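Have a look at the structure below, then the notes.
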Amino acid sequence: MTLHRAIFLDRDGTLNEDLGYTHEVERLRLLPGVVPGLKQLAALGFRLVIVTNQSGIARGRFSLDDMRRFNDALCGRLAGEGIEIAAVYHSPYHPTEGVGPYRRDSECRKPRPGMLLAAARDLALDLPASFAIGDKISDVAAGRAAGCRTILVQTGRAGQGEPELTARPDAVARDLVHAAQLIAQWPASPQPHTYQDAST
C-alpha cells in the first residue's frame, strides 16, 4: 500500500485567528501567510489534515453543529484559494470541565496522538515522513507521540500557556510560509532531529 506524506495542522492560532472558543463563521479570519504557506506545502506533495481540540463543545460554549459550520467555512475559504484539506479531525472532550458525555479523558485530545493516528489509518499516511504544525506545545507533543516531525509556529499562542508540557519542536517557524520553507529543505526521509530557530 502506498503511504502518503501529510501535514497535520492545528486550527485556531495556526490557520485562523484564535478568538477563544472560536466558532462564529462571520469572525473567521485567516492568519497572514496561511494561503501561500499551504500552497507551498501542497506543492511539496503533502496531504493537508486539520487536527483540532474543540473543548468549547464540552464546556457548552458552542455546539457540534457550530463547529462543523466553522470548519466547513474554513475549508471552503481555502478551497476558493485552490487549497484542498484532505480531512478535519476534532476532539470535543475535556476531562474535568466538560458536561455530559464530553466530560472525559480521550486519546483524541492533544497532547495525545489519537487524531493523528486515526487520520493515518483512514488516509494511509506515512507518519515518520509527516509533520505536525501548531502554535501550542500540545500540538508538538501530539505530533511527537504519533512519530511525526514537528514545527511550532510563532502565531496564535506561540508556544505559551501550557507550562505543564515540555515537548520540544524540531523547528520553530514565524508562520506557515516559513514552516513550508523549512520543510522544503528537510531530507525526504526521517533523519536525526536538528533544532532550527526562527532567527536562522
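For clarity, every value in this text was computed on a predicted model and none was experimentally measured.
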Atom CZ of Arg157 with >12 non-hydrogen neighbours under 6.0 angstrom: no
Flag if over 12 foreign heavy atoms under 6.0 Å of CD, Glu84: no
Criterion salt bridge (Lys or Arg N to Asp or Glu O under 4.0 Å) on Arg61 and Asp66, from CA distance to verdict: CA-CA 10 Å; Arg61 298 295 188 96; Asp66 290 332; over 6 Å; no
Ile133 with Leu116, same ILVMFWY side-chain cluster at under 4.5 Å: no
Any donor-acceptor pair under 3.5 Å from Lys110 side chain to Ser91 backbone: no
Side chain proximity check, Thr22 to Arg11, heavy atoms < 4.5 angstrom: yes
Aromatic ring pairing Phe131/Phe46, orientation class (parallel under 30°, perpendicular over 60°, tilted between): perpendicular
Modelled atom types, side-chain donor and acceptor of Asp175 and Thr155, under 3.5 Å: no
NZ/NE/NH1/NH2 to OD/OE distance under 4.0 Å, Arg68 and Asp65: yes
Minimal non-hydrogen separation, Gly13 against Asp18, with atom names: N-CB, 3.7 Å
Student check: side-chain heavy atoms of Ile151 and Ile183 closer than 4.5 Å: yes
Transitive ILVMFWY side-chain link Met115 to Leu48, under 4.5 Å: no
Transitive ILVMFWY side-chain link Phe8 to Leu165, under 4.5 Å: no
Same apolar cluster: Tyr93 and Leu64, side chain cutoff 4.5 Å: yes
Side-chain heavy atoms of Leu30 within contact of Leu74, under 4.5 Å: yes
Check: Gln54 side chain, His90 main-chain N or O, donor-acceptor pair, under 3.5 Å: no
Any residue meeting salt bridge (charged side-chain N to carboxylate O under 4.0 Å, His left out) with Asp12, in chain and number order, not counting sequence neighbours: none
Leu44-Ile85 co-clustered via ILVMFWY side chain contacts under 4.5 Å: yes
Thr14 side chain near Thr52 side chain, heavy-atom distance below 4.5 Å: no
Side-chain H-bond candidate by donor/acceptor type, His94 with Arg59, under 3.5 Å: yes
